[in-house]
Each structure stands twice: as structure tokens, then as C-alpha cells.
There are 2 protein chains.
Amino acid sequence: MDERKKTILKAIVDDYVATAEPVASKALVRNHNLRLSSATIRNVMAELEEMGYLKKPHTSAGRMPSDKGYRAYVDNLLSVPAISKEDEKSIRDFLSVNVNKAQDLIERTVECLSNQTNYVSVALSPEYSDSSIEQIKIMMIEPGRAIVVIVLSAGVVHDRLIRIPAMLDEKQLNAIAHSIERCLTGKKLDDITLVTISSAAEGTGLPDALVNQVLYEAYIAIKQTEKIEVYIDGRHRLLQHPEFQDVERASRFYSVLRQTQMVAGYMRDVQHEEEAKRRAAILDQHDGDAEKELSVRKPAYMVRIGQEIDIEGMENASFITTTYRMGGEIAGQIGIIGPKRMNYGDMIAQISFVNKAMSAEAHRHCGLPPEDEDDLDATSFESLG
Amino acid sequence: MDERKKTILKAIVDDYVATAEPVASKALVRNHNLRLSSATIRNVMAELEEMGYLKKPHTSAGRMPSDKGYRAYVDNLLSVPAISKEDEKSIRDFLSVNVNKAQDLIERTVECLSNQTNYVSVALSPEYSDSSIEQIKIMMIEPGRAIVVIVLSAGVVHDRLIRIPAMLDEKQLNAIAHSIERCLTGKKLDDITLVTISSAAEGTGLPDALVNQVLYEAYIAIKQTEKIEVYIDGRHRLLQHPEFQDVERASRFYSVLRQTQMVAGYMRDVQHEEEAKRRAAILDQHDGDAEKELSVRKPAYMVRIGQEIDIEGMENASFITTTYRMGGEIAGQIGIIGPKRMNYGDMIAQISFVNKAMSAEAHRHCGLPPEDEDDLDATSFESLG
DNA sequence: ATTAGCACTCTATGTCAAAGAGTGCTAATT
DNA sequence: AATTAGCACTCTTTGACATAGAGTGCTAAT
């Protein structure tokens, strides 16, 4: 694709994103300094359409980008701007209140991102399977019920009510609790199985039947912390966008969004895939020097457009997702879902800064260790290979 | 209003609710066994319109109920059916899974109610100000951070991460925690103030500065549990109803629904007002016998229609709300929000049964004491006075 | 008191014409 | 060879108009 085609494609995408109307040749000469007549533009447009980058809603209408057109735009023509100082401030301010623990921060981040972008924002809780248990406590609530508190790292605390045998008294429960504590503290979540945990049964001097129920419930509580939680916000914003003026369509889209587990699974898979690809590419380039490790850390901004999305009913949407980090190792996904017609550059800039601000807050408010600031910059980004 | 007018008004409301179209005189004779000609019906309709119970979208159209018409229908013409065995089963089944504590149950109930009614469902967490603290524990997470666990009654457990002075070690924290525990256990939430709690500072032998921060944070944690939480579900269902086919309108309605604190406040106020009125009425009738106490317990089903709702932007909606009970004393609000055109009888039947099933589950799954089953029947209901 | 009958009103639908915006192609221009 | 002016052609949008149909309100008859 020659330079001129690129310029024109970029101009068309920019205009279309701004207006939501098919872009006409005359409008292009009017709004951009192209130094060409509309007739020439028409010729180029015809070629771009031939090549599959543009399409027309009907014969005598202007052009709009096809999925392929958006893809080319995002891969080659896009520049990611810096976000304004005001935006920076409002993001930081927004994230710095009402946050007591990691889960609060994620919730707040999703809301913030949706505010900033005016689209739907989704986050997945980190995958904790690699984290280890720092503390595990079991406390009696009343005969027959207890609470398990699991601390993974400073900001990440989960708890769950469990049933215990009704005849177990507080002293006995404490004995079992201590035994579990001794047995599991420091263990990776991934490495904990029913077998691991059952070794805690020994030495309490209590009948197996009693102990086993507690162990089992504790095990369930632990496994529960590994479950990926989905945070989603901003669904109400969709109706403001012209592509969702059709109620039928909006309604169908909402049904898909309700399948949160599916959306989450997709986000995670795609991100993993992407990161693996990236790691491989870097490893390929400089064969195994230390610098690579660091570089892999930079978050990849993953963009999926329209048909590229493998979810029934999402053919008219786009995803922009990335990986967030809290306290060094803990990592989950965050991103936005909007119509294909969105300002990809600005959106990436927003996600990028929100991501960075979130990591900083995780350190400040949740007691998690700090990140290396450099790793969080998003001047460069990667998309679909 | 004579019998015939009532019959016809009821028929019109029923038809309009079923079809969402203005009801014509001919259609009425066709669908109902009225033994009158359409001309007579037309005369009656004209009178009902004159009286303000009906209105027409334009001169030559059929009639639809006005707010006043709905009100008369709900107050005098409505019969609340029994719900089907299948509905009973699916409600019970739905509420009996994934429930570990009171908060889970409320969440589940809201979802259930929205499923059953196909409208938006809202619940408010109970007002705990009358409840007392059964247990309060503070546990160290890491230097500088601790978790406060507050147990109000078996199924109601709140926790919150707090900051503590970094130099406080585990032993010292435990000393303070025990002191707080001794001081607050059994106290009503309402009666706990900064002054009450500060008496726990004595006798720990630690410097005031250290102790005070912990006390203050614990106090905040306690006050936090009193905050009314709003649960809401089913917003996506609105778009299915003909009254929300206009995106503009749907969007405006969503904005109002986002003001959850406002909606919650309204629900609570109206319910309180209603219950006070009711109590007064009963007290007035039988002057102060024991039976009254019991009778006041029966939940009042509060219906607010259109203009009656005092919230900007809700003029086209209806509320049906009621009070739920868990474990005897604990009580909050639950209800649905839908278009004015809804099947009030069926909806009240659904809310009523969901309410009853919820109380039963609170006993079974959250360890709360059982309710007196009779109190939960909703064959009778009360509405706006 | 009820009803048949009819004039009148309003909506919904379809057709038609005209205006406007845009393209594609051809022929002229640089 | 690349660009552009010019024009025919296509498609949408808008408004005007006619028509059918549904419904009411009123009058006169039962």
C-alpha cells in the first residue's frame, strides 16, 4: 500500500470515527489538506475498496472502513497520544478513594475506565494460582459456623463462611485451625490439593470425622479464591452511541455481555496467546539476553476488531485489553468493549494510563509492593499478529 | 362508581396490560362476556374518561388507563392469584444454592425476583442499627494492616481491612482487640459512638496514640456495616418491554436507576411511612390488644404508580415493594420497578412468594432463626392510603 | 336504558415527485 | 501517465397526497 493510500485510509477512518457517517470524497478534500481533487480521491477510494479496506452501505454513498480497514489502521496508521493533565488528575483522584483492598481497587478501576472511555469496561481478577498463602485463619461464629480468612498478600484478602460440625467447640476448632495454618502457610495455591490439606488432620487428637469436614470446607474456601471474578461497568453507556440506537441490537448485545464467564474466558485466552507469541518473538530476536525479561514485562495492548472476535454476537464490537500488575507478580486483565467505530488511539492512551495509575494505587493503598514505573509506559503497543 | 363501571375498568386494564395497545369498545365485547353492545361500552368509557380513570392517545383511538385508573384497579379491582407449583419450585431451587451468608441471599433474591417478573428488581440491605454486635475480632494481616470481622448474627458477617500503626506488633494488637471485644460485644450498633468505643482504650497499657488509631478504624468499620447497601438486577430486561423501545427514553430511565442511593432512600421512606400509617390504623381499630402486634408483622405490599413516585424521571414507572424479614428482627426492603403497564396481581404474587422463600432460606442456609410461617402469607395486601 | 347506524377523526401505509448527496466513468488537461 | 472537470446515474431523504382501516361520538330508533 503506497503512502497516498495510507494517508487517505487514515483520513477516512478518522472522519468516520468522528462522525459515524460514511465519508464522501468531497468531505475528505474539505477537511484534510490532501492537495488532490475529489475525483482523484474517488479513484483511490475505489482501489481501497477493491483491496477490502473500505466498504459502502449502498452504491451512491460515501465509504466506511471494513474490519480489515480498521485492522490496517490500528496496526500501521495509529498514533497513541498522551492523555491530558486533567485526565491524569481525575483518574488518580478517582482511584485514590474508597479503596481498602485489592478487590476494591479493581472495582474502582473498572468504573474509572468506563468513565474515561464512555464504553463498557471489563476487568478480570488476577490469577492467584501462582500466589501463596501468607495467612489462613479460621474463627468460630457460632456452633456449626465459622469464617475462614485467607490472606494471599497484603492487599488481597478473601473470606468465606463455612459450616462446621455443630458439636465442635471453639477450642477444638482453634486446634484444627492452627494445624491447617501450620500446614498451608507459604504454600502456593496451585500446589494445594485435598491430599495436601488432609495431612493437617494429624496431631489434633480429634476424631477424623470432625476434622475432615473442616478441612474440606477450608479446601473449598481456598479453591474459591482461585476463581476468576469478572468486574464489569458502564453497560448503560452503550445506548448513547449511534450504533446502539436500534433497541433490538442493543438488547442482543446486552445478552452477550451477560455471559460474563464467556467474555472473561475469551479475554484471558487471547491475552495469554498474545503474550506467548510476543515472548517467542522477543526470544527469537535477541537470543536470550537479560534485557528480554524486562521487555516482556511491558503490557501488550491487544486489539480485536469485529469478526476477529470469536464470540457469537460480538461481530460488531471491538475489544481493547491489556494486562495489569499489582505488587509485582499478581496479574489480571482489564479492557474495554465498544463498537468497532471507536477512537483507538485515545482509548489505548486511556487504558494505558489507568493501568499505570492502578498499579501505583495498589502500592499506595493496598500495601502491595511498588512496580517499576518504566515497565508501565505504553508508548508502544502490540496488537494482533 | 357502580358495578358495571368497575367491571369495564377492570376489563380495560387487563386488556391493556396484556396487549400494550389502547383498548377499543368492540374488542371489549369480543373478549369479555359483558352482554352489552359496543355502543353502550362507548358511553361508559366516555364517563370513565370524564371521571379521570381512562385516557386516549388521540381522538379516534381506544382507551388506556390513566394513573388514577391503575390506582383504582390496584386498590379495588385486583385479585392476587396463587403462583404455580412450578414457580414455587424454581424459586426455592434458585434461592437454595450459592448462599453462604445473609448478603449472598439478598443478592440471590434480587436475581430471582427479576427472573420471575422480567422487570428490574431492587433490594436494600437490612437496617442493622437495631442489631447488636455478637462478635468483633481484629486480626493482624501484616505490620500496618489488620482485618476487622464483625458478626451481627449468625448469617450476617461484615469485614473490613484497616490501617493500624506500623509499629504495633501482633501481641499489642491482640490486646487492643480483646479490649474492644469486651467493650462492644452485645452492644447495639446504634448505641456505639466514638465515646463508647474510646472507653476500650483503658487498661491496655499502651500509649494512647497507638490505641486511638485502631479504635477509630474499628469505629469506622462498625459504622460501615450500618450503611444501607443497594442490590439491583435485571436492568437489561427493560429493553424487552414495548414502553422502552425508544432508546432515548430507556437511556433516561437508566440514568435515574443509576442513582441507587436516591432510589433506595425513596423505597425506605415510603415503606416506613406506609408501615407507620398501617400500625396507626390497626391500633385505632382494636384498641391495643395482643393480636395487633402479630398482625402488624404481615408485610404490606406497597404499590406506587407513575406520578405518585416522587423521583424525577420515574413518572412512567411503577414500584411494588415490600419488607422482608430474616431471623425475626432483621428487616429490609425488596421490590420491583417496571413500566406502569404491568400485571400487578401476578407481580404481587411473585414478590410475596419470593419474600417468603427468602425468609425460609435465611433460616436454612444462613443460620438465622426461623420465621412464623403464617406471618409471611400475602393473600392480603395494603397499598397507598 | 340500550343499541344501530353513520359521520367524523386520526393513524398507518403506500405512492410519487423532487431535492440532494455521492459515485463512476469518460474525456479533457497538465 | 497522472490528475481533474464534468456529467450521467444511483440511492436516500423528505414532504405531499391519497386511501384504507380502526375507533369514537352522537343521534335517532328500539
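Computed from a prediction, not measured in an experiment: that's the story for all the values here. Just so we're on the same page: letters track the sequence lines, and every chain starts at 1.
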Salt-bridge contact [X]-[Y] (side-chain N to carboxylate O under 4.0 Å):
X: B:Lys6; Y: B:Asp75; value: no
X: B:Asp67; Y: B:Arg71; value: no
X: B:Glu274; Y: B:Arg304; value: yes
X: B:Arg258; Y: A:Asp233; value: yes

Tell me: [atom1] of [X] to [atom2] of [N], nearest whole Å?
X: B:Asn43; N: D:dA29; atom1: CG; atom2: P; answer: 17 Å
X: A:Lys55; N: C:dG22; atom1: NZ; atom2: P; answer: 19 Å
X: B:Ile41; N: D:dT24; atom1: CD1; atom2: P; answer: 10 Å
X: A:Tyr16; N: C:dG22; atom1: OH; atom2: C1'; answer: 16 Å
X: B:Leu54; N: D:dT24; atom1: CG; atom2: P; answer: 11 Å
X: A:Leu48; N: C:dG24; atom1: CG; atom2: P; answer: 12 Å
X: B:Ile12; N: D:dG23; atom1: CD1; atom2: P; answer: 13 Å
X: B:Glu50; N: D:dT24; atom1: CD; atom2: P; answer: 17 Å

Base, sugar-phosphate, or nothing for B:Ala39, non-hydrogen atoms under 4.0 angstrom?
->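 Counting heavy atoms under 4.0 Å across all strands, the contact made by B:Ala39 includes a base.
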On DNA chain D, check which nucleotide each of A:Ser38 and B:Met45 is closest to and give me the residue with the more 5' one.
-> A:Ser38
What is the base-pairing partner of [N], counting Watson-Crick and G-U wobble geometry with both distances under 3.5 Å?
N: D:dT3; result: C:dA28
N: C:dA7; result: D:dT24
N: D:dG15; result: C:dC16

Just compare D:dG25, C:dC10, D:dC11 and give me whichever is closest to any side-chain atom of B:Glu49.
-> D:dG25
Consider the side chain of B:Thr40, meaning its heavy atoms from C-beta on, and name the nucleotide among C:dG24, D:dT4, C:dT2 that approaches it most closely.
-> C:dT2
Under 3.5 Å donor-acceptor pair, A:Arg42 side-chain atoms to D:dG6 base atoms =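 Pair found.
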C:dT9 base / B:Ser60 side chain donor-acceptor hit below 3.5 Å =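 Result: at least one qualifying N/O pair found.
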Below 6.0 angstrom between ring centroids: does that apply to B:Tyr73 and B:Tyr53?
-> no
Any side-chain N or O of [X] less than 4.0 Å from the OP1 or OP2 oxygen of [N]?
X: A:Lys56; N: C:dA21; answer: no
X: B:Lys26; N: C:dT3; answer: no
X: A:Ser37; N: D:dT4; answer: yes

Student check: side-chain heavy atoms of A:Val29 and A:Ile41 closer than 4.5 Å =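 With C-beta onward as the side chain, the pair touches.
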Would you mind telling me which residue lines up with the more 5' stretch of DNA chain C, B:His58 or B:Arg4, judged by nearest nucleotide?
->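 By nearest-heavy-atom nucleotide position, the 5'-most residue is B:Arg4.
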